[in-house]
Each structure stands twice: as C-alpha cells, then as structure tokens.
Amino acid sequence: MKPFKLAKYLAVFLAPLVLIACGGGGGGGGGSTPSYVISTSTPTLSSANYPGNWTTTGTVTPPSVTAKIQTYNDGQTNTLEDGSVSKPFNQTTLSALSITDPSSYVTSSTTTYNLNWGTPDKSGPGYANLFPSASNTLGTALSYAGITVAGQTTAGPTLLQPSADVLAAWNQGWTGKGSNILLIDTYANRVGCSYANGNCHGIATMMNTDLIAPGATKFGLDYAFTTNFTGTAFDISGTNLTSSKSINVINMSWSFIYSTNNWNCDSGCGIAPTSAVYNAGIASLANTYTNLNNVLNGTTSVANLSNFSNAVIVQAAGNDALDSKYNLNALGLSGNASVQNRLLVVGALNKNGTVASPATIATYSNTAGTNTSISDRFVVANGTMPWTAGSVKIDGSNFPANYMGTSFAAPLVAGYAAIVMQKFPNLTAASTSNIILDTARTDTLSCTPNCDPTIYGKGEASLSRALAPVGRLR
C-alpha cells in the first residue's frame, strides 16, 4: 500500500477554497474585489460657543465631537463611535487627542459616563465679578440658615477671592444651579452663636459651600437628628420645609465620638487609641452606623427629604492629626458598600494649592491612612476660612481669621460635586464622586512628585479637571 500523502491531499483539497475566497476564477479575469478598510477617521472636537450676549439673550452651544468612522475601498462606511449610548466614544481615543469635554457618552474600561451638558447659569459671570481682587468687601450682608453674616466694620463681609478654578467655572456658567445640597451640621442653637460657643459651625459650612456653588440650593438639618433619625430640615433662610426636596449632595462636617475615647481632640493633638478602646468604640456605635447608613441608602426616610440613595456623601476627615480610620464616621460610612461607592472623605490643606505655590497637608488634619476603603475615597482641599482678621461678623459675633479645619474643606468639595452635577446632570452620585477622585491632582502639593497616598489619598480635588474629565476616569 502506498503511503498517504497528507500534504498532497491538502493542496488538492484546499486549492478550490483559496480561489473562491479570493473571488477569482480561471484565467478569464472578472469576479469581485473584497471590501477592506482603507482609513479610520480621527474624532475632532468643536469647542463650546459662548456668544458675547449669552448672559442675557444668547445661548451657549455645547461642544461636539465628530464620529469615528471606518471607510472601505468600495466607498462604504461604518461608524465605530459617535457618542451615542449605543456607540459611546472610547476615552483612550479621545484622551490621545486631548478631547476632554465632548458632551456625549464616553466609556472607560469599566463604565460608560453620560457627559452630555446641562444648562449653564447665566448668573455665573456676575458671581465672578463680585470678586475682582484678592480681598473683596461685599455691599450687603449675607444670610445663612436665617443668620446674618456681615462685616465687622462694613455692611457686608470682606471675603477672599475664590480659587482660579472656581472663578473659571462661574464664568462659564457652572455654579451648581439645579443641584440641591443638604448640610447636616450644628443648627439647633444657631441663634446667638459665637466663635466661642461653636454654634456657628453650621453657618460657616453653609457659607463655605455657597462661596463655591452659589447657584446650588442649600438646606440644613441639625445633626442631632441622629438620636432617633427624625428631624426637621430647613432652607437657607431658616424656614422649615413643607414639601419634599430631592438632595444631590450631602455634607457632614462632624463625627460621632465614643464617650470614653482618648483619641479625639479636634486640634491636631489626637492620640491613637489602643486596640481595646478602638474596638470598644466601634462596637458601641455599630447600631448607630447601621441606622445612619439606612438613612443614606434611602431605607429610612427623613421628612421632606428624598433621593438620599443617589446623593454624593461628603465627610470631613477630622482634625486629630491621625489616620482617618479613627474618625468613626469615615470608618462606618466606608464600610457600607452602598455608601462607600459615592463617598468622599476630605482632609485639609493649609491653602488652595497651585503649581507655582503648592499646598501642604494641614498640621491638624487627619490623613488618608491605611484602610483602603477610606484612602481610596480620600481627597484634600483648603481648610482655611475665606476671610481675613477683622472682616466677618456672624450673628453679631466677631469671627477671627484662624477658623479652620476639615469641617471647612469638606463643603468646598461638596460645592465641586454640585457644580459637576450641574454640568453633567445625567451622572449618578457614584460617577460624580469617582470623577472627583480620578481627577484629583498632586502637582499642586508640596509633596509632588512622590505624594504618600496614606497622607494625601488621591490628591487635591480639582474643579477644573473634574469639569473636563475624559481620559482620566476608571
């Protein structure tokens, strides 16, 4: 028997298949030419158009991006990406082209973000015009939770100019308009408050938020509601709510304290507790955090407030100069998966950082720490109040210039979140908080280029980068 010639067999068997695949025949010519891609277009950005009269009768046109299209040799085309929900842009493609604000659907490796624009606030440039200089005296007093904030020697307070990022956002109409911020703080004894008695704390946090997101609507709720998780919310004028308000951002510049602890001092002098004391504190407040997380998840309702389950949660890190895991609020909130994915824990810097004048972590501030459930949600922001000595009086009480803390850094970030949600109103709370984390920067910090993530977490929250996030998202 002759040996089986496999190579010869395959050559005879496959030859007709090769001819068919090539579209050819015998030597007579003719047949069709297969289609193949000859080019793929590169998406290009058309910038937003802000006409000169947009603050009166004009309209801002959002940016747009051309589609990414394949063209075949026979003239046929295939759209790969067009920014629609079914064909979102790939952020790596756009990032390579420095397209950072496409007003469309953009997908990262894990998530699709709806970055279609909302409506700019026509009052934005007017807010910016109130602060033309480094220090600015307002013509009239302000009011927060029904309490007057005036100047010590003038009708209006003298306030420091917001950061360049904030002014730039206002000038483009991003003020937080349409976003609702709830500040859970010390409001029960706000009337007659003073620097000495500390009862103006909630007024100061509301004011700090307003000086970042003046277009957002602010509401207050006294933190004592946590005794039985019922309470009465009020608007910025101090009037109790009689109808439900949907909340987009919740700021909490306070923390539960374990009654027998030895680590909370609120002035940078904290001493890390022993494991026994720490564990006792955790156990003592376990039910409280279960109840608080149920409120923040929307399982337990609060009168005239809604949407807690889709609100960004901003928590001040604390002022004990310790690892933030010793802030029992940060620990309790980060331990709940439904809250942790939209949580921002905020430490304090000594000022707004810039590349030319970098900031450093404030000496009193708690740090990101070693618990990654916290440090992965940790950013830093300016913890100083926006005024100088002798320039502000709250409810008749003169306030010094050294009022500072993570309590006042957190409301800045809460304001950032409200502004991001105005510009991109289709984002979830989780996407909004992730954008703020993913666009935080370290080149404005004195530690750059080797910033320790257990101290600074993700870095300094950056409003300008959060408003142009493509290419930086998880």
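- A side-chain donor-acceptor contact under 3.5 Å links Thr158 and Thr137.
- Looking at Asp165 and Ser464, their side chains do bring a donor and an acceptor atom within 3.5 Å of each other.
- Distance check, rounded to the nearest 0.5 Å: CD1 of Ile435 to CG of Leu115 gives 5.5 Å.
- A donor-acceptor contact closer than 3.5 angstrom links the side chains of Thr444 and Glu460.
- Put simply, the side chain of Tyr113 never gets that close to the backbone of Leu473: no donor and acceptor are under 3.5 Å apart.
- In this structure, the side chain of Ser462 does not engage the main chain of Arg441 through any donor-acceptor pair within 3.5 Å.
- Residues passing the side chain to side chain contact (heavy atoms under 4.5 Å, CB included) test with Thr230 are Asn228, sequence neighbours excluded.
- Here the shortest heavy-atom pairing between Ala466 and Ile436 reads CB-CG1, 4.5 Å.
- With hydrogens and angles disregarded, a donor-acceptor distance shorter than 3.5 Å links the side chain of Asp395 to the backbone of Gly192.
- Using bins of under 30°, 30° to 60° and over 60° for the plane-to-plane angle, the ring pair Tyr195/Phe399 lands in the perpendicular bin.
- The backbone N or O of Ser86 lies less than 3.5 Å from no partner atom in the side chain of Tyr105, so there is not a single donor-acceptor pair.
- Checked by atom type and distance alone, the side chain of Asn341 never pairs as donor or acceptor with a backbone atom of Ala430 at under 3.5 Å.
- Between Asp235 and Lys218 there is no salt bridge, since no side-chain nitrogen of the basic residue lies less than 4.0 Å from a carboxylate oxygen of the acidic one.
- Not counting sequence neighbours, Tyr364 has no partner by the ring pair (Phe, Tyr, Trp, His ring centres under 6.0 Å) test.
- At a cut-off of 3.5 Å, with distance as the only test, a side-chain donor of Asp185 or Thr205 sits close to an acceptor on the other residue.
- Within the 4.5 Å cutoff, no side-chain heavy atoms of Thr367 are placed close to those of Leu322.
- Under 4.0 Å is where a charged nitrogen must lie from a carboxylate oxygen, and between Arg465 and Asp101 no such pair does.
- Within the 3.5 Å criterion, the main-chain N or O of Gly126 finds no donor-acceptor partner in the side chain of Ser123.
- By the 6.0 Å contact criterion, OH on Tyr223 is open, its count of non-hydrogen atoms from other residues, nucleotides or ligands being 12 or less.
- When each of Asp376, Thr432, Leu344 is paired with Leu437, the side-chain contact (heavy atoms from CB on, under 4.5 Å) condition holds for Leu344 and for no other.
- Between the Thr217 side chain and the Asn180 main chain, no donor and acceptor come within less than 3.5 Å of each other.
- If you run ring-ring contact (aromatic ring centres under 6.0 Å, His included) between Tyr187 and each of Phe234, Tyr144, Trp254, only Phe234 comes through.
- Not a single side chain to side chain contact (heavy atoms under 4.5 Å, CB included) links Ser95 to another residue, sequence neighbours left out.
- Ion pairing of Arg474 with Asp438 is present here, as a side-chain N (NZ or NE/NH1/NH2) and a carboxylate O approach within less than 4.0 Å.
- Considering Asn319, Asn327, Asp320 in turn, Asp320 is the only one that fulfils the side-chain hydrogen bond (donor to acceptor under 3.5 Å, both in side chains) rule with Asn264.
- Ring planes of His201 and Phe408: tilted class, angle from 30 to 60°.
- In this structure, a donor-acceptor pair under 3.5 Å is absent between the side chains of Asn297 and Thr299.
- With no hydrogens or angles considered, a side-chain donor-acceptor pair links Thr175 and Asp121 at under 3.5 Å.
- Taking the six-membered ring for Trp and thresholds of 30 and 60 degrees, Tyr278 and Tyr326 have ring planes more than 60 degrees apart, a perpendicular arrangement.
- At a threshold of 4.5 Å between non-hydrogen side-chain atoms, the residues Tyr456 and Phe378 do not count as touching.
- For the atom pair Ile247 CD1 and Phe308 CZ, the distance stands at 6.0 Å (nearest 0.5 Å).
- At distances below 3.5 Å, not a single donor-acceptor pair connects side-chain atoms of Thr372 with backbone N or O atoms of Ser375.
- Interatomic distance, CG of Leu463 versus CD1 of Ile419, reported as 5.0 Å (0.5 Å rounding).
- Listed here is the closest heavy atom pair of Ser338 and Arg342: O-NE, 2.9 Å.
- Of the possible donor and acceptor atoms, none in the side chain of Lys351 sits under 3.5 Å from a partner among the backbone N and O of Thr384.
- A donor-acceptor distance shorter than 3.5 angstrom exists from the side chain of Lys122 to the backbone of Trp54, with no hydrogens or angles considered.
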